[in-house]
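Shown next, in structure tokens, is the structure this report addresses.
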2 protein chains.
Amino acid sequence: MILKSQVEWALHCCAILAGLPAGRYLSTKALAEFHGLPKEYLSKALQSLSQAGLVDTTLGPSGGYRLAKAPAELTFLDIVEAVEGNARTFVCNNIRANNPCRPLGYCESGPCAVARIMWEADEAWRQKLRSVRLSDLIETLSRDIPAELWKSSFEWVLERAG
Amino acid sequence: MILKSQVEWALHCCAILAGLPAGRYLSTKALAEFHGLPKEYLSKALQSLSQAGLVDTTLGPSGGYRLAKAPAELTFLDIVEAVEGNARTFVCNNIRANNPCRPLGYCESGPCAVARIMWEADEAWRQKLRSVRLSDLIETLSRDIPAELWKSSFEWVLERAG
DNA sequence: TCTATTAAGGATATAAAATATCCCTATTTC
DNA sequence: GAAATAGGGATATTTTATATCCTTAATAGA
Ligand code: SF4
Ligand code: SF4
């Protein structure tokens with residue numbers, strides 16, 4: 001059970017977009033080049049962000065993506081769910097219905113304890129991701145990444161932003 | 001990102017095994033029939049439980065599986081990880097290494113903030129599963145399931161336990 | 001107006017993982 | 001000795017993830 005690599009891509013891309021000056025856009029091409037990713041496939045991840053309303057887009061030369069909200073208004077969960085979907089990791093196949101002892105016509109009322117517990121674990125995962133904002137990530141990254149690299153990356157992006 | 005259905009199977013089987021009288025075993029055949037599952041494939045899940053040391057097995061007629069520990073000593077996480085593995089859901093492909101601005105020979109020190117946050121969410125999921133014991137599940141089920149069905153299921157199992 | 005560039009999205013191909021079955025072996029019970 | 005069992009290797013099928021290709025409509029700038 002592993003998340004799509006697009007989740008990582010989307011998170012990185014949002015982190016880059018967060019550093020974009022207001023009103024500017026960054027293209028798929030630039031984002032793919034910066035991260036060393038296949039442009040066409042990364043495009044699908046960015047489309048997911050767009051469909052989820054997390055980013056704004058514009059067409060034409062100098063077109064591309066920018067965040068639709070402030071980094072403090074975007075959570076990890078928003079980004080992860082945009083790409084990965086919001087389905088639960090545990091799906092109940094209702095195997096209890098096969099119990100040979102079950103009275104004919106007996107109908108279970110809602111999910112059993114197994115499902116409820118697994119879903120609570122899913123919710124704990126979501127809650128953690130919901131508690132971290134994109135702005136928190138930027139703050140941590142700015143502390144972790146050498147100032148020199150941080151600066152040159154910022155300039156690299158700015159040169160290509162439309 | 002969905003858990004294998006074997007996770008559900010393993011949890012259900014452990015719940016059944018928890019009701020087995022001390023020293024008795026229940027076969028794959030009986031567990032498969034009770035849950036309406038493919039015997040050969042369920043067998044793989046039970047083998048996983050066995051390899052993880054969660055259940056004891058014995059061969060021959062009247063052979064099968066029983067819990068290796070008391071239900072209070074078995075957590076959901078034990079069972080889930082036995083079947084699903086203990087890998088993290090977020091794998092870091094180190095795409096930051098492709099950053100064109102990165103100084104030659106520059107070597108990152110450990111996982112970045114993105115990976116750390118995603119791994120914390122994984123840990124929150126695990127922590128939740130670790131906090132629920134098999135005995136807790138049995139207790140809840142015994143309250144949820146109609147007494148009649150609970151009793152007949154118990155008898156069904158007992159008839160087939162070696 | 002014309003050209004280049006872009007996001008969106010449909011179609012399709014490839015690779016990997018989950019699901020499922022089959023068969024053989026060693027062990028145990030009777 | 002015969003029947004039943006877990007273990008496990010080999011293999012097939014189905015589903016999902018990964019990746020590429022191509023067409024369309026919008027936009028910027030010459
Ligand atoms: S016991 Fe729970 S998880 Fe299992 S089939 Fe029933 S509802 Fe689903
Ligand atoms: S930024 Fe973090 S998650 Fe992304 S590649 Fe680097 S270490 Fe991995």
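Here is how names work: the chains are called A, B, and so on, in the same order as the sequence lines, proteins then strands, and each is numbered from 1. All heavy atoms count here, side chains included; hydrogens, waters and symmetry mates do not. In this text the structure is predicted, and so the values were computed from the model without any measurement.
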Exercise for the section: Respond yes when some side-chain nitrogen or oxygen of Y41(A) is under 4.0 Å from OP1 or OP2 of dG9(C), and no when none is. Expected result: no
Completion exercise
W9(A) has its side chain closest, among dA8(C), dG9(C), dA19(D), to dA19(D)
Problem - Distance-only polar pair, side chains of Q47(A) and S43(A), donor-acceptor under 3.5 Å - result: yes
Exercise for the section: Using a 4.0 Å heavy-atom cut-off across all strands, classify Y25(A) as base, sugar-phosphate, or nothing. Expected result: nothing
Exercise for the section: Start with the C-alpha gap between W125(B) and T89(A), add the side-chain angles, then the distance that decides, and say whether side-chain contact (heavy atoms from CB on, under 4.5 Å) holds. Expected result: CA-CA 11 Å; W125(B) 185 80; T89(A) 66; 4.2 Å; yes
Problem - Given dC21(D), dG9(D), dA8(C), the nucleotide with the shortest approach to the side chain of Q47(A) - result: dA8(C)
Practice task
Report yes if at least one side-chain N or O of T57(B) is closer than 4.0 Å to OP1 or OP2 of dT5(D); otherwise report no.
Solution key: no
Practice task
For Q51(A), answer base if it contacts any base atom (sugar-phosphate contacts may also be present), sugar-phosphate if it contacts only those atoms, and nothing otherwise; contact means non-hydrogen atoms under 4.0 Å.
Solution key: sugar-phosphate
Exercise for the section: Summarise protein proximity over nucleotides 24-30 of chain D in one line of letters, 5' to 3': B for base, S for sugar-phosphate only, - for none, counting protein heavy atoms closer than 4.0 Å. Expected result: --BBB--
Handout entry: Whole angstrom value for the distance that separates P of dA7(C) from CG of L54(A)
Key = 17 Å
Completion exercise
Of the candidates dA19(D), dG9(C), dT6(C), the side chain of K29(A) sits closest to dT6(C)
Exercise for the section: Using atom types as modelled and distance alone, determine if a side-chain donor or acceptor of Q6(B) lies under 3.5 Å from a backbone N or O of K44(B). Expected result: no
Exercise for the section: Starting at atom CG of L3(A), determine the distance to atom C1' of dA17(C), rounded to an integer number of angstrom. Expected result: 15 Å
Exercise for the section: List the steps and the verdict of salt bridge (charged side-chain N to carboxylate O under 4.0 Å, His left out) for R116(B) and D144(A). Expected result: CA-CA 12 Å; R116(B) 289 200 307 271; D144(A) 289 0; 3.0 Å; yes
Practice task
For T28(B), report the nucleic acid contact type (base, sugar-phosphate, nothing); a contact means any heavy atom under 4.0 Å.
Solution key: sugar-phosphate
Problem - K44(B) (side chain) and dG7(D) (base): donor-acceptor pair under 3.5 Å - result: no
Handout entry: Geometric class of the W156(A)/F34(A) ring pair [parallel <30°, tilted 30-60°, perpendicular >60°]
Key = tilted
Handout entry: Residue E40(A), side-chain atoms from C-beta onward, closest of dA20(C), dA18(C), dT20(D)
Key = dT20(D)
Problem - Whole-Å gap separating C1' (dA7(C)) and CG (L42(A)) - result: 12 Å
Handout entry: Side chains of S152(B) and E148(B), donor plus acceptor under 3.5 Å
Key = no
Exercise for the section: Tell me what G64(B) touches on the nucleic acid: a base, only sugar-phosphate, or nothing, going by heavy atoms under 4.0 Å. Expected result: sugar-phosphate
Practice task
Would you mind reading off the distance between D56(A) atom CG and dT6(C) atom C1', rounded to a whole angstrom?
Solution key: 15 Å
Practice task
Give a yes or no on this: more than 12 heavy atoms of other residues, nucleotides or ligands lie within 6.0 Å of atom CD of Q127(A).
Solution key: yes
Problem - Nucleotide dA4(D), atom P - distance to CD of E33(B) in whole Å - result: 14 Å
Handout entry: Nearest-Å distance for atom pair CG/C1', residues L26(A) and dT5(C)
Key = 14 Å
Practice task
Give the nucleotide from the list dA6(D), dT19(C), dT20(D) with an atom nearest to the side chain of K4(B).
Solution key: dT19(C)
Practice task
Let me know the distance between CG of L17(A) and C1' of dA7(C), rounded to the nearest Å.
Solution key: 14 Å
Exercise for the section: Take E84(B) and K39(B), find for each the nucleotide of DNA chain C with the closest heavy atom, and name the residue whose nucleotide sits nearer the 5' end. Expected result: E84(B)
Problem - S43(A) side-chain N/O to dG9(C) phosphate OP1/OP2 under 4.0 Å - result: no
Practice task
Take K128(A) and E123(B), measure what salt bridge (charged side-chain N to carboxylate O under 4.0 Å, His left out) needs, and give me the verdict at the end.
Solution key: CA-CA 10 Å; K128(A) 177 69 197 177; E123(B) 185 49 34; over 6 Å; no
Practice task
Using whole Å, report how far OH of Y65(A) lies from C1' of dT5(C).
Solution key: 13 Å
